[in-house]
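Presented below is the structure to which this report refers.
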Amino acid sequence: MTVKPLLPEKPLHDWGLSPEDARKLQTTLSAQLTDEPLALDDISLVAGVDVSVKDNVSRAAIVVLTFPGMEIIEIERATRPTDYPYVPTLLTFREGPVLLKAFAKLQNRPDVYLFDGMGRIHPRQAGIAAHMGLWLNAPTIGVGKSHLLGNYDPPGNEKGDYSPLFYKGKQLGVVLRTRTNVKPVYISPGNRMTLASAIEIVMACTPKYRLPEPIRAAHNAAGDDDMID
DNA sequence: GCGACAG
DNA sequence: ATCTTGTCGC
């Protein structure tokens, strides 16, 4: 018998699209996103996702941790030539291909994935967390470290404080203070996720530092030099 | 037209 | 993302 694969047998679409076609695809894909709450009690495994670039080589890292213990149980990596340029709002087309290569190696099935980047805080609500969430057909959350777009008032200075981020009249996410008196992060749901659940999950994964443990772990794994592809 | 712009 | 040391503050 076979286990249900993490990724679809049939690719959702091609990569290497022109900026114009890429934007059209994002509009089409974002219409397929769903809002599904995910209770903490239903989470046992969380994954952190990140990509680093060096000498024109992209390295993706997926780290799976137990929840809420935050113990690392799996680390998968993959490398690939960095062919697509960095274009604001089209980050997925630069990092997507190498991420799929790493996802294909995953032995565990995470209940939710935390991405280093935006979810729906995006002009077409198709940030990398939202986009890859469709490929994975799983719950995803975008955890951005800096501002991309939208308006918001500075959140309070206490850990857990947050304020809504609006773009063209719609609330796409929140600016969340994960640590007292530390620069906040930009949180937004990706696929199969509600904003409320996203906030709750991110806080539960952030016991000590500014960034959630899964993302810190993935960032480290993507940055380490030794690589076995 | 001008400025902003995840990683 | 990446290039890079020390340093101020809780």
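Because the structure is a prediction, the values reported are computed rather than measured. Numbered from 1 within each chain, the chains take letters A, B, ... in sequence-line order.
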Identify every side-chain donor-acceptor pair in residues 143-151 of chain A under 3.5 Å, counting partners at least two apart or on other chains, and give the distances.
unit_1, atom_1, unit_2, atom_2, d
A:Lys145, NZ, A:Asp116, OD1, 2.7
A:Lys145, NZ, A:Asp116, OD2, 3.3
A:His147, NE2, A:Gly150, O, 3.4

Margin query: I need a per-nucleotide contact map over nucleotides 2-7 of chain B, read 5' to 3'. Cutoff is protein heavy atoms under 4.0 Å; write B for the base, S for backbone only, - otherwise.
Written below: ---BBB
Check: What is the per-nucleotide protein-contact pattern of nucleotides 3-10 of chain C, from the 5' end, where B denotes a base atom under 4.0 Å from a protein heavy atom, S denotes such proximity for sugar-phosphate atoms only, and - denotes neither?
Finding: --------
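Under the 4.5 Å side-chain criterion, counting only non-hydrogen atoms from C-beta, A:Pro139 is in contact with A:Arg192. The shortest distance between side-chain heavy atoms of A:Glu74 and A:Leu45 does not fall below 4.5 Å.
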Margin query: Pairs counted only when both distances fall under 3.5 Å, Watson-Crick or G-U: show me the 5' to 3' dot-bracket for DNA chain B, [ ] for pseudoknotted crossings and | for other-strand partners.
Written below: .......
Notebook entry, point to check: Given Watson-Crick or G-U pairs with both distances under 3.5 Å, what dot-bracket string fits DNA chain C, with | for other-strand pairs and [ ] for crossing?
Noted result: ..........
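Looking at A:Asp21, its side chain never comes within 3.5 Å of a backbone N or O of A:Ser18 through a donor-acceptor pair. Formation of a donor-acceptor pair under 3.5 Å by the A:Tyr84 side chain with backbone atoms of A:Leu17 is found in this model. Of the possible polar contacts, one joining the A:Arg210 side chain to the A:Pro184 backbone as a donor-acceptor pair under 3.5 Å is found. Panel note: side chain A:Arg177, backbone A:Tyr162; no donor-acceptor pair is recorded below 3.5 Å. A distance-only check finds a donor-acceptor pair linking the side chain of A:Ser52 to the backbone of A:Ala222 [under 3.5 Å]. The backbone N or O of A:Lys159 sits less than 3.5 Å from a side-chain atom of A:Thr180, completing a donor-acceptor pair. Judged by distance alone, the side chain of A:Arg179 and the main-chain N or O of A:Lys208 form a donor-acceptor pair under 3.5 Å.
Taking the six-membered ring where tryptophan is involved, the planes of A:Trp15 and A:His13 are perpendicular, since the angle between them exceeds 60° and thus also 30°.
In this structure, A:Phe67 has no ring-ring contact (aromatic ring centres under 6.0 Å, His included) partners at least two apart in sequence or on a different chain.
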